[in-house]
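Numbered from 1 within each chain, the chains take letters A, B, ... in sequence-line order.
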Number of protein chains: 2
Amino acid sequence: MTATVPQSGGRLLTPGEVASLFRVDPKTVTRWAAAGRIGSIRTPGGHRRFREEEVNELLAKLTTEATDLVE
Amino acid sequence: MTATVPQSGGRLLTPGEVASLFRVDPKTVTRWAAAGRIGSIRTPGGHRRFREEEVNELLAKLTTEATDLVE
DNA sequence: TCGAACTTGGGTAATTAGGGAC
DNA sequence: GATGTCCTAATTACCCAAGTTC
């Protein structure tokens, strides 16, 4: 691995996009970034951007499928 | 340019919304999730989110059995 | 350069989680 | 066995004005 240049494949998501993925408020995503629960990149203007890859991994980890329904 | 992210798993519902749909207490929904009877996604903060698709399926099943058929 | 949509920051309500007992 | 209600702590949601993005 050691891909030091995260680009050309790693799409960046806005707080609003990440928020809709988790069904939370964009402000909540901001808190996650501030708390270090999710990596974030800042634009020169101070806005946050998130790596889609990381977000998807996070979603997968936090997803609990009902193994199967016993009826 | 508002980039829209493809909702990978469909929309997500909050415990309160699911509770309203089933006409039960949110706590009950939590128990269902804890018992693995319904899949759930957790936010990094620990709150649960439910896939609308799955909820509707369960809802449909219960509706089907409303007439109380032979088991 | 203007404009519409979005994000930031803070402060304050509303939900949720978790345990435990009836 | 399953559900609703009690409690406290934590997380999340909505309010605003100002700055950033494209």
Side-chain angles (χ1 to χ4, degrees), chain A residues 3-71, chain B:
Chain A
T4 329
V5 183
Q7 229 30 268
S8 60
R11 202 157 44 127
L12 292 179
L13 302 179
T14 64
E17 292 170 337
V18 178
S20 63
L21 286 175
F22 281 93
R23 191 23 176 120
V24 295
D25 197 271
K27 182 142 207 164
T28 299
V29 179
T30 293
R31 292 202 198 89
W32 293 344
R37 294 202 239 232
I38 182 175
S40 64
I41 298 172
R42 313 275 298 214
T43 66
H47 285 196
R48 296 186 182 81
R49 297 283 114 101
F50 305 89
R51 297 195 313 111
E52 183 184 41
E53 201 178 303
E54 185 178 354
V55 172
N56 284 330
E57 281 184 30
L58 198 54
L59 265 175
K61 278 190 181 132
L62 298 174
T63 301
T64 304
E65 282 288 338
T67 22
D68 65 323
L69 298 175
V70 184
E71 295 182 51
Chain B
M1 191 227 272
T2 305
T4 306
V5 175
Q7 300 284 10
S8 45
R11 284 175 304 182
L12 296 177
L13 301 177
T14 64
E17 291 171 334
V18 177
S20 298
L21 289 173
F22 282 92
R23 292 302 223 111
V24 296
D25 198 271
K27 182 89 170 181
T28 299
V29 178
T30 293
R31 283 170 175 152
W32 291 345
R37 286 199 259 221
I38 181 175
S40 63
I41 294 175
R42 317 271 298 212
T43 67
H47 283 202
R48 296 187 182 87
R49 298 281 113 106
F50 303 90
R51 296 193 314 110
E52 186 185 40
E53 207 176 298
E54 189 177 351
V55 171
N56 284 331
E57 282 185 32
L58 288 178
L59 217 42
K61 282 187 181 176
L62 296 185
T63 302
T64 300
E65 298 177 7
T67 38
D68 196 345
L69 304 173
V70 183
E71 192 82 15

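The side chain of A:Thr43 has D:dT21 as its nearest neighbour among D:dT12, D:dT21, C:dA17. Side-chain atoms of A:Lys27 lie closest to C:dG9 of the nucleotides D:dC6, C:dT7, C:dG9. Side-chain proximity of A:Arg31 to D:dC14, C:dG9, C:dT7: nearest is D:dC14.
Both A:His47 and B:His47 lie near DNA chain D, and the one whose nearest nucleotide falls closer to the 5' end is B:His47. Toward the 5′ end of DNA chain D lies the nearest nucleotide of B:Val24, the other residue of the pair B:Val24 and A:Gly46 mapping further downstream. Along DNA chain C, the nucleotide nearest A:Thr30 and the nucleotide nearest B:Thr30 are compared for position; the residue whose nucleotide lies closer to the 5' end is A:Thr30.
Per the geometry, CZ belonging to B:Phe50 stands 16 Å off P belonging to C:dT15, to the nearest Å. Atom CG of A:Leu62 and atom P of C:dT16 are 18 Å apart (whole Å). Distance CD (B:Glu17) to P (D:dT12): 15 Å, rounded to an integer number of Å. Remark: P of C:dC6 and CG of A:Leu13 are 15 Å apart, rounded to the nearest angstrom. Atom CG of B:Asp25 is separated from atom P of C:dT15 by 13 Å (rounded to the nearest Å). The nearest whole Å value for the distance from the CG atom in A:Leu12 to the P atom in D:dC22 is 10 Å. Here the C1' atom of nucleotide D:dA13 and the CZ atom of A:Phe22 are 17 Å apart, to the nearest Å.
A 4.5 Å side-chain heavy-atom check between A:Trp32 and A:Val24 finds at least one atom pair inside the cut-off. At least one side-chain heavy atom of B:Arg49 sits under 4.5 Å from a side-chain heavy atom of B:Thr14. With contacts defined as side-chain heavy-atom distances shorter than 4.5 Å, the pair A:Glu17/A:Leu21 does not qualify.
In terms of phosphate contacts, B:Arg49 brings no side-chain nitrogen or oxygen within less than 4.0 Å of OP1 or OP2 of D:dT11. B:Arg42 has a side-chain polar atom (N or O) that falls below the 4.0 Å cut-off from OP1 or OP2 of C:dG18. Distances shown here put every side-chain N or O of B:Thr14 at or beyond 4.0 Å from the OP1 or OP2 atom of C:dT15. Between A:Trp32 and the phosphate of D:dT11, there is no side-chain N or O to OP1/OP2 separation shorter than 4.0 Å. Between A:Arg48 and the phosphate of C:dT8, there is a side-chain N or O to OP1/OP2 separation shorter than 4.0 Å.
Side chain of A:Arg23 to main chain of B:Leu12: a donor-acceptor pair is present (N/O by atom type, distance under 3.5 Å, no hydrogens or angles). No donor-acceptor distance shorter than 3.5 angstrom exists from the side chain of B:Glu53 to the backbone of B:Gly10, with no hydrogens or angles considered.
For C:dG20, there is no paired base (Watson-Crick or G-U wobble, both distances below 3.5 Å).
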